[in-house]
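The block underneath contains the structure these notes are about, expressed in structure tokens.
Computed over heavy atoms, backbone and side chain alike; hydrogens, waters and symmetry mates excluded. The chains referred to below are lettered A, B, ... by the order of the sequence lines, with proteins before strands, and numbering in each begins at 1. Remember, it's a predicted structure, so these values are computed and weren't measured experimentally.
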Amino acid sequence: MSRKVRVRFAPSPTGGLHLGGVRTVLYNYLFARHHGGDFVLRIEDTDQNRYVPGAEEYIYNCLQWCGLEPDESPLKGGPHAPYRQSERKAQYAQYAKQLVDAGHAYYAFDTPEDLEDMRSRMKTEANPTPQYDYKMRSHMRNSTTLPQAEVEQLIQAGTPYVVRIKMPVGETIKFTDLVRGEVSFDTSLVDDKVLLKADGMPTYHLAVVVDDYLMGITHAFRGEEWLPSAPVHLLLWKYLGWEKEMPEWAHLPLILKPDGHGKLSKRDGERLGFPVFAMNWTDPKTGELTQGFKERGFLPEAFINILAMLGWNDGTEQEIYSLDELVKQFSIDRVHKGGAKFDYEKAKWFNHQYIQRKPTEELVPLVTPYIADKGVTVDAGYLHKVIDLVKERCTLLPDFWEQGHFFFTTPEITELQAIKDKWNEQKKTFFETWMAGLDSASWAHDALEANFNELVAAQGLKKGDVMLPLRIMLVGGKYGPHVFNIVEMIGKEETKKRIENALKVL
RNA sequence: GCCGCGUUGGUCAAGGGGUUAAGACGCCUCCCUUUCACGGAGGAAUCACGGGUUCGAAUCCCGUACGUGGUACCA
């Protein structure tokens with residue numbers, strides 16, 4: 001038990017990396033770092049039908065953005081390379097054969113059509129999904145039913161076959177899951193899973209066991225959807241004679257839809273208007289784009305924090321954690337058993353917190369592209385001041401433009417009606433007088449405001465009568481930081497210009 | 001259908017035999033801001049249900065309901 005901790009994240013490159021996937025990465029990463037261990041990225045690309053170009057590259061990008069980079073990966077290499085299962089294809093067959101020779105697996109010659117036929121024939125109301133289990137296997141074409149000579153002949157003739165595990169009858173498989181405690185399964189109820197496919201590729205079941213063994217994985221974390229097949233994996237570890245090196249298991253709870261029920265899916269994001277993937281993902285076949293948290297304007301630290309708290313907490317009231325703090329505090333036994341519904345409002349709250357805490361100089365380069373995207377060339381010093389003024393009302397990165405565009409370009413007045421109704425000659429005179437006095441005004445927000453106040457009093461007005469009009473003239477609507485800060489920032493000419501423009505339409 | 005796993009406010013959740021059942025998000029009310037936010041003060045839970053065990057159960061046991069996952073030559 002003194003082995004160095006080694007964990008792995010093993011995605012299949014079939015599309016975008018979604019919330020649950022990133023959280024699995026995160027928990028692996030935190031566990032590894034907490035224990036001074038290694039974090040391995042292994043690509044499980046054994047299903048050639050589901051190969052999606054670019055998906056692997058995309059995973060690297062997501063991990064990089066999240067700051068959860070593996071110690072070993074197909075990209076980085078490492079002592080157990082290759083880390084891509086398709087490149088490890090050759091080694092699985094020998095283990096499959098070892099299992100057959102020991103009587104724990106067998107060759108099956110049933111074609112996909114045979115299987116389909118069997119399922120439709122055996123299907124009843126009471127048993128809607130017939131399994132290829134210990135009972136069924138005696139009725140199928142495999143090396144447990146065919147004479148050995150025929151089996152050899154078939155194989156020699158190049159007949160396609162798969163290798164299936166021979167599930168024992170009536171055994172109870174028990175193990176202690178790090179998050180669920182003791183769980184148990186009756187082997188009679190588990191089917192004879194395919195281990196090696198007709199194309200020579202292993203299925204997940206064989207590959208995960210062989211590779212975890214070969215790569216010295218000590219702790220295997222994966223989604224809860226794998227729990228029902230855990231007994232197959234446990235048996236494989238035993239049959240292959242590696243029981244002593246078997247990793248400890250932890251099956252992580254699922255992330256569920258915010259409304260209704262079920263696993264959170266990419267469709268829910270589209271339907272409810274929030275991202276589900278870490279980064280933008282474009283399906284190369286359909287060209288369909290699914291938005292990511294990154295592009296939506298989330299900070300990676302916030303994104304990580306959100307995910308960490310979705311299914312785990314350290315028992316204190318703390319909610320905001322840096323990655324380092326998470327590494328320090330994380331423990332797998334405080335991971336919840338139940339699935340959690342994703343709450344986008346709370347996710348935004350986290351991002352808002354991170355934006356408030358992030359030093360403005362670090363925000364400048366992050367906000368710049370959003371401003372540049374609007375065709376505005378920004379001066380970093382000016383942007384810095386704008387950010388200081390508007391950051392507290394920004395939740396996502398694009399909000400900086402929404403909340404601060406009037407610092408860069410003359411806004412369109414969208415709430416003119418709010419002042420038009422109560423507009424009169426007296427107010428008009430006030431603004432004309434104020435503008436005229438601006439030339440000699442000292443250009444600082446407090447001085448400007450004092451000057452403004454004096455004039456308000458001198459003209460027998462109430463400040464409230466002209467504050468809102470001024471704001472709308474300068475900003476376009478009823479929002480934004482203190483109005484004299486805006487005056488100070490945009491300067492005399494621009495201030496006059498905006499007031500004059502407004503005066504024309506009032 | 002069968003098997004596994006789960007169930008504390010709308011959501012995330014603390015608490016795991018005796019508590020006024022934390023805290024956060026969201027929502028509502030008020031205060032502060034002559035805008036919008038921020039900030040501050042309040043408001044809202046018969047701990048899924050039914051049985052036990054116990055002096056005492058959200059906490060332990062059993063059952064039910066509900067949810068969720070699996071039941072592919074997908075992972």
Side-chain angles (χ1 to χ4, degrees), chain A residues 10-14 44-47 49-50 85 108 110-112 115-116 119 123-133 160-164 177 179-180 183-186 188-191 193-205 207-208 222-231 251 253-254 256 258-263 306 309-320 336-350 352-353 356 390-395 399 403 415 418 462-468 470-472 475 477-483:
Chain A
S12 53
T14 53
E44 309 224 333
D45 55 349
T46 56
D47 185 355
N49 300 320
R50 293 215 299 166
Q85 286 181 332
D110 318 281
T111 64
L115 294 174
E116 203 178 309
R119 290 190 181 109
K123 185 175 165 180
T124 63
E125 196 132 311
N127 182 17
T129 49
Q131 296 195 101
Y132 200 124
D133 59 9
Y161 66 87
V162 301
V163 174
R164 285 179 180 271
D177 185 281
V179 345
R180 274 144 227 287
V183 287
S184 65
F185 297 86
D186 179 350
S188 304
L189 272 7
V190 181
D191 60 337
K193 295 274 183 231
V194 170
L195 265 20
L196 201 66
K197 299 187 257 192
D199 64 2
M201 277 288 193
T203 59
Y204 172 81
H205 303 106
V208 74
R222 66 206 330 187
E224 190 186 345
E225 68 269 26
W226 290 110
L227 198 48
S229 50
H251 290 89
L254 269 10
L256 310 170
D259 64 340
H261 305 287
K263 253 200 302 193
I306 292 160
M309 300 311 285
L310 212 55
W312 174 87
N313 73 79
D314 69 359
T316 69
E317 285 184 12
Q318 186 173 353
E319 287 196 282
I320 304 292
H336 303 149
K337 297 179 174 75
K341 290 181 185 166
F342 178 67
D343 181 359
Y344 186 57
E345 292 306 318
K346 182 92 189 218
K348 286 195 292 190
W349 175 81
F350 272 106
H352 183 260
Q353 291 294 313
Q356 303 325 305
V390 303
K391 75 194 277 189
E392 69 190 17
R393 60 206 83 203
C394 293
T395 298
D399 294 345
Q403 293 294 329
E415 298 191 66
K462 279 182 290 180
K463 196 178 178 186
D465 295 334
V466 283
M467 280 298 279
L468 188 64
L470 179 58
R471 165 172 302 280
I472 288 176
V475 171
K478 295 199 274 187
Y479 61 95
H482 288 294
V483 94

Q) Between A75(B) and Lys197(A), is there an OP1 or OP2 to side-chain N/O distance shorter than 4.0 Å? A) yes
(Q) Categorize Arg50(A) for me: base, sugar-phosphate, or nothing, with a 4.0 angstrom heavy-atom threshold over every strand shown. (A) base
(Q) Under 4.0 Å, counting only non-hydrogen atoms across every strand here, what does Val183(A) touch: a base, just sugar-phosphate, or nothing? (A) sugar-phosphate
Q: Using a 4.0 Å heavy-atom cut-off across all strands, classify Gly311(A) as base, sugar-phosphate, or nothing.
A: sugar-phosphate
Q: Describe the nucleic acid contact of Thr46(A) in one word from base, sugar-phosphate, nothing, applying a heavy-atom distance below 4.0 Å.
A: sugar-phosphate
Q) Which one is paired to U64(B), where only Watson-Crick or G-U wobble pairs with both distances under 3.5 angstrom count? A) A48(B)
Q) Heavy atoms under 4.0 Å, any strand shown: does Asn313(A) hit a base, just sugar-phosphate, or nothing? A) sugar-phosphate
(Q) By the 4.0 Å heavy-atom rule, please label His482(A) as base, sugar-phosphate, or nothing. (A) base
Q.
Counting the atoms with a prime plus P, OP1 and OP2 as sugar-phosphate, which does Ala198(A) contact under 4.0 Å by heavy atoms, base, sugar-phosphate, or nothing?
A. base
Q.
Does Lys346(A) contact A24(B) through a side-chain donor or acceptor facing the base, at a distance under 3.5 Å?
A. yes
Q) Measuring from His336(A):NE2 to Arg180(A):CZ, what's the distance to the nearest 0.5 Å? A) 12.0 Å
Q.
Is the terminal nitrogen or CZ of Arg164(A) (NZ for Lys, CZ for Arg) located under 6.0 angstrom from the six-membered ring centre of Tyr132(A) and within 45° of that ring's axis?
A. yes
